[in-house]
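Everything on this sheet refers to the single structure shown next.
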Amino acid sequence: MDKSKRLFFKSKRSFRRRLPPIGSGDRIDYRNMSLISRFISEQGKILSRRVNRLTLKQQRLITIAIKQARILSSLPFLNNEKQFERSESTSRITGLRTKTK
């Protein structure tokens with residue numbers, strides 16, 4: 001068989017279907033923190049639909065639920081694990097302001 005004809009055949013690889021991240025019985029709600037926390041990064045950002053493997057409708061509902069939980073203070077807007085050192089930023093500012101005449 002010619003190489004050019006072989007390109008058109010489908011490969012017979014078997015793909016393992018992954019289970020959907022949200023089951024049919026799970027309710028997408030701002031109170032369901034165990035479900036919502038799976039779709040937030042370590043920094044507190046909402047993960048994309050590609051990463052989550054969600055449908056468009058599920059991603060919209062998850063986004064709304066996360067935003068509602070943030071507004072009601074059951075979920076932080078940002079995860080501030082790294083505290084910025086204030087001494088570095090103030091030393092830069094004070095260093096620029098000191099002028100000798």
Side-chain angles (χ1 to χ4, degrees):
M1 201 184 297
D2 207 351
K3 249 189 181 183
S4 61
K5 290 183 182 178
R6 274 191 246 159
L7 295 175
F8 295 108
F9 288 122
K10 279 189 173 180
S11 64
K12 295 192 177 187
R13 287 188 207 162
S14 63
F15 292 103
R16 196 174 120 206
R17 266 188 77 97
R18 293 186 176 187
L19 294 172
I22 297 177
S24 58
D26 290 338
R27 279 187 58 91
I28 300 173
D29 198 19
Y30 67 93
R31 292 173 282 175
N32 194 352
M33 295 307 293
S34 61
L35 179 70
I36 288 176
S37 60
R38 287 191 288 176
F39 303 107
I40 296 176
S41 69
E42 292 176 0
Q43 298 171 344
K45 295 179 181 178
I46 301 172
L47 293 173
S48 69
R49 188 176 152 224
R50 227 178 353 165
V51 175
N52 291 335
R53 300 185 323 265
L54 295 174
T55 63
L56 183 62
K57 189 174 183 179
Q58 287 173 336
Q59 181 70 23
R60 266 195 241 119
L61 292 172
I62 285 289
T63 303
I64 291 167
I66 290 170
K67 289 179 180 180
Q68 285 175 345
R70 284 176 176 167
I71 290 169
L72 294 172
S73 300
S74 56
L75 193 67
F77 278 93
L78 292 174
N79 191 2
N80 293 332
E81 288 182 5
K82 296 180 181 177
Q83 296 294 328
F84 297 107
E85 291 185 20
R86 198 133 169 91
S87 60
E88 284 183 26
S89 62
T90 54
S91 65
R92 272 192 257 144
I93 293 170
T94 55
L96 294 174
R97 289 185 184 172
T98 55
K99 293 182 181 177
T100 55
K101 289 186 180 180

Handout entry: Residues clustering with Phe39 (ILVMFWY side chains joined when closer than 4.5 Å, directly or via others)
Key =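 When side chains under 4.5 Å apart are linked, the cluster holding Phe39 also contains Ile22, Ile28, Met33, Leu35, Ile36, Ile40, Ile46, Leu54, Leu61, Ile62, Ile66, Leu75.
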Which heavy atom of [X] sits nearest to which heavy atom of [Y], and what is that distance?
X	Y	answer
Lys45	Arg70	CA-NH2, 4.2 Å
Gln68	Tyr30	OE1-CD2, 3.4 Å
Gln59	Arg49	OE1-CA, 3.7 Å

When rounded to the nearest 0.5 Å, the distance separating CG of Leu47 from CZ of Arg53 is 11.5 Å
